[in-house]
2 protein chains.
Amino acid sequence: MPKIVDAEARRQEVVEAVFRIIASDGLERASLREVADEAGLAVGSVRHYFASSDELLVHSFAVVIDRIATRLEEAFTVVESLDQASAEHDNAVLTLLGQFLPLDEELAVDACVWMAFRHAARIRPVLEEEAARSHRAVAAVVGRLVMRLMPDAGTGQERLVTEAERLLATLDGLCMHALLQPEWMTFEVCRDVLSAHLDSLVVSRPTVNLKAHRE
Amino acid sequence: MPKIVDAEARRQEVVEAVFRIIASDGLERASLREVADEAGLAVGSVRHYFASSDELLVHSFAVVIDRIATRLEEAFTVVESLDQASAEHDNAVLTLLGQFLPLDEELAVDACVWMAFRHAARIRPVLEEEAARSHRAVAAVVGRLVMRLMPDAGTGQERLVTEAERLLATLDGLCMHALLQPEWMTFEVCRDVLSAHLDSLVVSRPTVNLKAHRE
DNA sequence: ACGGTTCAAGCACATTTGTGCTAAAAAGAT
DNA sequence: ATCTTTTTAGCACAAATGTGCTTGAACCGT
């Protein structure tokens, strides 16, 4: 009966426009009119696919979360498929961690958008739920990765949590710096930092009892 | 001749109002009218002390940078005054690193404001200069700290840079998580993560050549 | 051919924002 | 008491934003 348009594809186009605007001009410029312009549509058209500005933003947040989570899951299955302690395994781990960083154009856009939404979620309740989902999804993958990289710490669950959080913090910090101070953060520095962190993961275990950090 | 008002004190009051608004409602809500209301003034009064909205925001950014930098410098002189490898030294280092985290109300406000401005500076050219100053100031202290904690790496300057960046990234990531996911980030987790990182600093040096991350 | 449904576009209105400008109030100096 | 300068307050205007509502346009099934 009606004019048939692939609604989901259209929505995706609008979301891509949102991503471009956030990456170049920030979340606060992602208004309906700006998004419509960027997508080559009228405001009314955008509003036809998204009931409100909030729905558009929440959905865009969800899309970028899914993209990142999917990349991480795929990279993790690669890691799992490789023999541990092989050079390919180490490279696969670095590739996995690199999914967090703005190493190419697409990753940079996702990183910008992801950061912007997570920070906005601190203030805007509509984004809260997706922010929590985002954190759970990423923490799950990083947690599994840490468990794989520290097989000898099976008992010390507390240490696993600490190390997962530590890796997560380092990743987010690196991503932040790569976005905010790109002139100081070359690819090499990123790689060196990640390598150093991985070294610290496998080595630091037996040294815990040497120092007196028991408080 | 004129009505004498401590202009600098008034500016400071306005800046404090900006901080409160950013911490509770985000940078985008820090408009002249909101700030004036929060400060108990009229828009015209705020505009008397700050020529424009941009000047107000840039000055607020500068103030928070100075506050953080001052705290770091003071904490670092404490570290320098203590005998290395003593328990007090370790505590002083943890205290220094804790200055980055929202461990109390004042630190939390500063952390919020600092994060908000740094991210805004990616987009808004007026904030660029202060953002660069902020990064230089903090990187300087963290760099000196890393040099102190890794005395044996005197030659490997590249490694020092990597470790400084790694510590900085971990700190910023921890701060982010503490602000955005406070329910998952208790004080204890923060402390454990920082302790683990410090352990990894002093230990990881001799193990670099064991693995094949040379490529 | 045509009707009904979906899509696209736009108008109108209330809010909010930054800023230029004017003017009243306050208070020390004379 | 009066003058002068600072301080405070407010108005007005243009620009931008979200949203309710209306109007065409397009097109598939009958």
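Quick note on labels: first sequence line is chain A, next is B, and so on, each numbered from 1. The model shown is predicted, which means the values in this text are computed figures rather than measured ones.
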Take atom [atom1] of [X] and atom [atom2] of [N], then tell me their distance rounded to the nearest Å.
| X | N | atom1 | atom2 | answer |
| --- | --- | --- | --- | --- |
| A:E55 | D:dG20 | CD | P | 12 Å |
| B:R11 | D:dT8 | CZ | P | 13 Å |
| B:L32 | D:dT8 | CG | P | 15 Å |
| A:F50 | C:dC7 | CZ | C1' | 15 Å |
| A:L27 | D:dG18 | CG | P | 11 Å |
| A:D25 | D:dA16 | CG | C1' | 15 Å |
| A:R33 | C:dG10 | CZ | P | 12 Å |
| A:L41 | C:dG10 | CG | C1' | 14 Å |

Among the nucleotides C:dA8, D:dT8, C:dT19, which one has an atom lying closest to any side-chain atom of A:R10?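 Between C:dA8, D:dT8, C:dT19, the one nearest the side chain of A:R10 would be C:dA8.
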Please determine, for the side chain of A:R47, which listed nucleotide (D:dC21, C:dT19, D:dT8) has the closest atom?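 For A:R47, the side-chain atoms sit closest to D:dC21.
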State, without any angle test, whether B:R47 and B:S52 hold a side-chain donor-acceptor pair at a distance under 3.5 Å.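 Distance-only check fails for B:R47 and B:S52.
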Do A:H119 and A:R124 pair up side chain to side chain, a donor and an acceptor below 3.5 Å, judged on atom types alone?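 No donor-acceptor contact under 3.5 Å links the two side chains.
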A:R133 side chain near A:D66 side chain, heavy-atom distance below 4.5 Å: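 Of all side-chain heavy-atom pairs linking A:D66 with A:R133, at least one is under 4.5 Å.
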Passes ring pair (Phe, Tyr, Trp, His ring centres under 6.0 Å), B:H177 versus B:W184? Steps please. CA-CA 8 Å; B:H177 289 182; B:W184 278 290; 10.0 Å; no
DNA chain D: 5'-proximal contact among B:H48 and A:E34 (nearest heavy atom):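 On the 5' side of the pair lies B:H48.
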B:S45 side chain near D:dA9 phosphate (N/O to OP1/OP2, under 4.0 Å):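 Result: yes.
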Phosphate OP1/OP2 of C:dT6: any A:Y49 side-chain N/O under 4.0 Å: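 It does not, given that no N or O in the side chain of A:Y49 lies less than 4.0 Å from OP1 or OP2 of C:dT6.
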